[in-house]
Chemist: 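The structure follows.
These numbers come from the heavy atoms of this one structure, side chains and all, not from hydrogens, waters or symmetry mates. Here is the naming used below: chain letters follow the sequence lines, and residue numbers restart at 1 for every chain.
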There are 2 protein chains.
Amino acid sequence: MATIYEVSKLAGVSLATVSRVMNNNANVSDATRKKVTAAMDELGYRPNSIAQSLASNCSNSVGLLVSELQGPFYGPMMSGIENTFRNQGKHLIIAAGHSDEEREKQGIEFLISRNCDGLILHVEAVSDDYLIKLSKGRTPFVLINRYISELSDRCILLNNIKGGYLAAKHVLEQGHKNIAYISGPLWKQDAKDRLEGHKQALAEFNLEFDENLLFQGDFMEASGYEGLKVLHQQTHPFTALICANDEMAVGAMASARDLGLTLPKQLSIMGYDNVFFTRHVYPQLTTVNYPINEMGRMAADWVLSHVYQKQTPPLQTLFEPELVIRHSISRQ
Amino acid sequence: MATIYEVSKLAGVSLATVSRVMNNNANVSDATRKKVTAAMDELGYRPNSIAQSLASNCSNSVGLLVSELQGPFYGPMMSGIENTFRNQGKHLIIAAGHSDEEREKQGIEFLISRNCDGLILHVEAVSDDYLIKLSKGRTPFVLINRYISELSDRCILLNNIKGGYLAAKHVLEQGHKNIAYISGPLWKQDAKDRLEGHKQALAEFNLEFDENLLFQGDFMEASGYEGLKVLHQQTHPFTALICANDEMAVGAMASARDLGLTLPKQLSIMGYDNVFFTRHVYPQLTTVNYPINEMGRMAADWVLSHVYQKQTPPLQTLFEPELVIRHSISRQ
DNA sequence: TTGTAGGCGTTATCAA
DNA sequence: TTGATAACGCCTACAA
């Protein structure tokens, strides 16, 4: 591999000059610039990014920690982020945290030890305190789907209260009065918020929230399946079921079939997230759109702006959900 | 950040010694080793991976190029790879090629310019020649789902002929005689192989392959939808449809519904890949399992073995597909 | 506008 | 078993 030194020799200039034309900032005369670029071409010179990083104390790499690399939710998020960064010559180092405190911490440690200039974190298990402490460190980070008041300017969020509200409102507008609900784990803020929005809509329609119709799931398909089974066994009747995410909704759909319910006639089901397979299930799932791709892009812009001092479109931290009406809710 | 220099001073030894205990290979006396580790702890020393990379000419990073970061196929692949590497302290730099020749090349260039020690490539658009030339370069790489005879030892493949055969055989065994087929783009080897296996099974049952019942799709959902529409319009009847991947199968299912066909009674549909949403569609899709997660792991092991000279489980390049029977094929 | 020289934090090669 | 010391390839004052 040719080095800057060989280029300088061939071009008959100094190291510094070559470096200058590479980072084409300083003032170099057109003549020498041409000589240098010609020499570079001739040698097939490629800068060594590691040496650049060491000398400039900037690795041009940003770390991304997600819970899972697979699954319908994280793909669009990573995609938005990768796209933004590649155009800027930054690269993405990816790690998975698996929603486990120890593994999330390890992942963050790992990313930091790799000299990432900045981090994008989608963490669930790690504590607020840990993140607040982390924020005092030298590696800046932005949080997706997590709110910590002390760090509010770096939290990119979906308005989940509104999302929960929109979902319930739509179901209510279709004439349903007895609505079951499968929530996420209620120690998670997003799960709590969605449920709160749900209750707001109910109140608006002068309906009480029936605790008997609540099942606490864990955002995974199996708990949706289990949830409907349990709800079906108790005595309070219901004509609609709202799930706090699409995976659980799909689990509930399978459960409904096993219970012999025809969808959506005998039971209306609503999801949340609008992951891509909601179009594929039958009946197609009515849900709430979570603009995760855009939020990923925004996180990348945050890093570009705060870590690399780049110009970006205006930063936005709060995103709004939207109702996506398909065929899983019947008129009552 | 503490450096090796400060550690050496505090421990009262030389730089070299500190470096030795870090890479705990050379022979260092227990006494000095303890002194050094104590000093490290006291200073909270963390090695600078960039400096290590520069000095050792090894970045401990491996590049992964996939077509898309989203979608059901690549998630499990990335997941298998990330997992293997993190345990080994290697990190994954991810780029997307979007099945476009220029962007794939750019991605590869990008990864190489980032000093990746090795590459895992899932490329579709780039030519054999390009890859052969690339193989002469200094960055080793392994290919997933691509066969080039000159590079056969680094091609990790699924036996697609057998997969196509298994799919068709199962349908035939259910008594179907007139089977339509929606293929992938036939310039792609995997699409060709799956179709070839299909024809083999047909021949075994003494049936002719009917060209009228072939529609060439592009592996995307929309072409499955379009494909069934077109096949339905022509005059040759069929009772089953085999699609060369799950996405097209799902598109075809939607098409079938729009055509008023009840599934699977009036039309049996078979997929390929066994992506996770095949369990969610209705009726659940019978398909062929593509062990992409394992193949990702294997690619990672290949890199570990060939690039980092690590001990790994025995390397395997050819993987076998398996039939996954669910509910989308009816007995004829 | 250009060149000189020191530094970035390690590893690795010699000697001792 | 240890310690000097020269790389590694580039950036960046500072000087010319």
Chemist: Select one nucleotide: of D:dT1, C:dT10, C:dT1, the one nearest the side-chain heavy atoms of B:Y45.
Modeler: C:dT10
Chemist: Could you tell me whether the phosphate oxygens of D:dC10, OP1 or OP2, come under 4.0 Å of any side-chain nitrogen or oxygen in A:Q52?
Modeler: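 False: A:Q52 side-chain N/O out of range (4.0 Å or more) of D:dC10 OP1/OP2.
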Chemist: Determine the contact category for B:N48: base if any of its heavy atoms lies under 4.0 Å from a base atom, sugar-phosphate if only primed atoms, P, OP1 or OP2 are that close, otherwise nothing.
Modeler: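 The answer is sugar-phosphate, as B:N48 gets under 4.0 Å only of primed atoms, P, OP1 or OP2.
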Chemist: Think B:N23 has a side-chain N or O under 4.0 angstrom from the OP1 or OP2 of C:dT11?
Modeler: yes
Chemist: May I have the distance from A:N57 (atom CG) to C:dG6 (atom P), rounded to whole angstrom?
Modeler: 21 Å
Chemist: May I ask you to verify whether the side chain of B:R20 and the base of D:dG3 hold a donor-acceptor pair under 3.5 Å?
Modeler: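 When only heavy-atom distances are counted, B:R20 does reach the base of D:dG3 through a donor-acceptor pair under 3.5 Å.
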Chemist: Select from B:L54 and B:T17 the residue whose nearest nucleotide in DNA chain D is closer to the 5' end of that strand.
Modeler: B:T17
Chemist: Check A:E124, A:E68, A:E104 against A:H98 for a side chain to side chain donor-acceptor pair (under 3.5 Å) and give me the one that passes.
Modeler: A:E68
Chemist: Quick check: on DNA chain D, is the nucleotide nearest B:S29 upstream (toward 5') of the one nearest B:L15, or the reverse? Name the residue that is more 5'.
Modeler: B:S29
Chemist: Salt-bridge test for A:K90 and A:D117: reply yes if a basic N is under 4.0 Å from a carboxylate O, no otherwise.
Modeler: no
Chemist: Starting at OH of B:Y5 and ending at P of C:dT11, how long is that distance when rounded to a whole Å?
Modeler: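 Interatomic distance, OH of B:Y5 to P of C:dT11: 17 Å.
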Chemist: When you measure from the side-chain N and O atoms of A:T32 to the phosphate of C:dT2, is any distance below 4.0 Å, counting only OP1 and OP2?
Modeler: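 For C:dT2, OP1/OP2 do have a side-chain N/O of A:T32 under 4.0 Å.
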Chemist: Nearest to the side chain of A:A55, heavy atoms from C-beta on, is which of C:dC8, D:dA4, C:dT11?
Modeler: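 So the nucleotide nearest the side chain must be C:dC8.
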Chemist: Looking at D:dG3, C:dG7, C:dT10, which one has an atom nearest to any side-chain atom of B:S14?
Modeler: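 Of D:dG3, C:dG7, C:dT10, D:dG3 is nearest to the side chain of B:S14.
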Chemist: Please determine whether a side-chain nitrogen or oxygen atom of A:T3 lies at a distance below 4.0 Å from atom OP1 or OP2 of D:dC8.
Modeler: no
Chemist: Between B:K105 and B:E101, is the closest basic N to carboxylate O distance under 4.0 Å?
Modeler: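 Salt bridge between B:E101 and B:K105, a charged N being under 4.0 Å from a carboxylate O: yes.
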Chemist: Under a 4.5 Å cut-off applied to non-hydrogen side-chain atoms, are B:I120 and B:F85 in contact?
Modeler: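 When only atoms from C-beta onward are counted, B:F85 and B:I120 do touch, with a gap below 4.5 Å.
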